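First the structure, in the form of structure tokens, and then the observations on it.
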Amino acid sequence: KCRLIACEEAWTIPEVAAELQKVARSPTQSLDKLLVKGIYDADHDTSGYGKMNFLHGLLDVEEQRLPQMDEYGVDMHLLTLTAPGVQMFDADTATELAALANDRLAEICAKRPTRFAGLGSFAPHSPKRAAKEVERVMGELGLNGLIVNGHTNGDYFDDYRFWPIFEAAEALDATIYIHPRGPSDTLKGPLQDYAMDSAMWGYGVEVGTNMLRMMASGVFDRFPKLRICVGHMGEMVPFFIWRINFMNSRAQKVGRAPKTQRSMEEYFKDNFVFTTSGVEDPLALRYAIDRMGIDNVIWAIDYPYQPMKPAVDFIENFVCTDAERHALCHGNAERVFHIA
Ligand SMILES: COc1cc(C(=O)O)cc(C(=O)O)c1
Ligand SMILES: [Mn+2]
């Protein structure tokens with residue numbers, strides 16, 4: 001029996017849920033509003049927002065989550081404050097609620113250290129205080145890395161203002177998990193209809209765009225040891241990596257893109273790992289392993305947005321070698337997220 005560590009497992013606290021309800025009732029133009037309203041304010045004026053009953057599963061750790069982990073043989077959940085995290089709040093509220101969520105998460109992990117690990121949050125729009133929180137998360141709180149959800153107020157991670165956060169994470173060998181959120185106001189255009197704002201399409205576009213901006217801008221020349229994790233089988237990038245590499249190197253030759261020390265494919269292989277969250281497709285997984293290398297692929301459920309049993313069945317039925325199975329199911333997670 002292979003140890004199973006699921007690495008994109010969503011969770012929240014009542015204080016963040018309450019603040020997101022305020023966002024849901026505010027006149028925000030953010031595309032996250034469709035999802036936030038559907039989850040955190042569904043019973044209030046639900047016109048067009050689609051009620052989705054995830055809140056109980058997000059708040060819960062021991063009532064339903066842990067018994068299901070026992071029933072299906074999932075040893076650990078790597079818990080992450082669910083998207084959009086604290087990033088829709090003002091910088092002060094975001095900083096305070098990230099620290100509160102991190103304290104609560106450390107308590108959960110301390111109480112059941114063989115069942116739960118956790119990624120700490122921060123407020124990207126207060127980068128200096130965020131860098132301090134990264135140090136507290138990895139030091140005093142003893143958590144396993146960081147989580148952030150795509151853009152913040154429309155800014156992406158090629159923007160030098162975020163670099164104090166990368167500096168702290170790189171120095172502490174702390175992996176930053178870039179989870180999706182709805183596309184930014186400048187990206188959202190035709191993504192506002194047909195539920196394309198979130199998991200079906202907009203999430204992949206949002207994170208994929210962030211990843212490419214980081215790679216193409218030379219962030220990893222500045223922070224060569226920085227490790228980023230993304231979910232959802234690499235947010236479409238693995239399947240497009242040949243074309244991304246070819247077209248970026250041509251763009252560099254003709255001066256359309258800045259010169260970088262390494263190629264896009266090298267940055268993706270050297271500085272990224274990705275999980276299988278929400279893509280339970282054996283063909284996609286086999287391609288991703290063969291294309292990007294087994295050491296870069298990590299199993300995840302994406303609970304409670306994905307039901308637990310099908311995700312366990314998916315990985316247990318996946319055809320692979322024993323070495324691949326150990327890497328996928330726990331070995332890579334233990335290395336990347338410092339799990340004993
Ligand atoms: C933050 O809210 C989420 C909603 C869903 C969904 O299935 O509607 C999926 C994800 C996800 O894929 O992480 C996240
Ligand atoms: Mn997720």
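Note that the numbering runs from 1 along the sequence shown for the chain. Counting starts at 1 for both ligands and their atoms, following the listed order. From a predicted model like this one, the values you see are computed outputs, not experimental measurements.
Taking backbone and side chain together, H232 holds no N, O or S atom under 2.8 Å from the Mn ion (ligand 2).
Among R227, K225, R335, the single residue meeting the salt bridge (Lys or Arg N to Asp or Glu O under 4.0 Å) criterion with D173 is R227.
Among heteroatoms of the N, O or S kind in H179, NE2 lies nearest the Mn ion (ligand 2).
Residues satisfying the side chain to side chain donor-acceptor pair (under 3.5 Å) criterion with H125, sequence neighbours excluded, are absent altogether. With sequence neighbours left out, the side-chain contact (heavy atoms from CB on, under 4.5 Å) criterion links R136 to A99, N102, D103, E133, E140, L141.
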Using a 3.5 Å cut-off on N/O to N/O, what pairs does ligand 1 make with the protein? A line per pair would be great.
unit_1	atom_1	unit_2	atom_2	d
ligand 1	2 (O)	Y305	OH	3.4
ligand 1	12 (O)	H232	NE2	3.0
ligand 1	12 (O)	D302	OD2	2.8
ligand 1	13 (O)	E8	OE2	3.4
ligand 1	13 (O)	H179	NE2	2.8
ligand 1	13 (O)	D302	OD1	3.3
ligand 1	13 (O)	D302	OD2	3.1

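D270 and R262 are joined by a salt bridge, as a carboxylate oxygen and a charged side-chain nitrogen come within less than 4.0 angstrom of each other. A salt bridge between K111 and E107 is absent, with no side-chain N of the basic residue lying under 4.0 Å from a carboxylate O of the acidic one.
Taking the Mn ion (ligand 2) as the corner point, the angle from E8 atom OE2 to D302 atom OD1 is about 100° (rounded to 10 degrees).
Classified by interplanar angle (parallel below 30°, tilted 30° to 60°, perpendicular above 60°), the ring pair H151/Y156 is tilted.
The stretch residues 112-126 participates, sequence neighbours left out, in these salt bridge (Lys or Arg N to Asp or Glu O under 4.0 Å) pairs: E62-R112, D70-R115.
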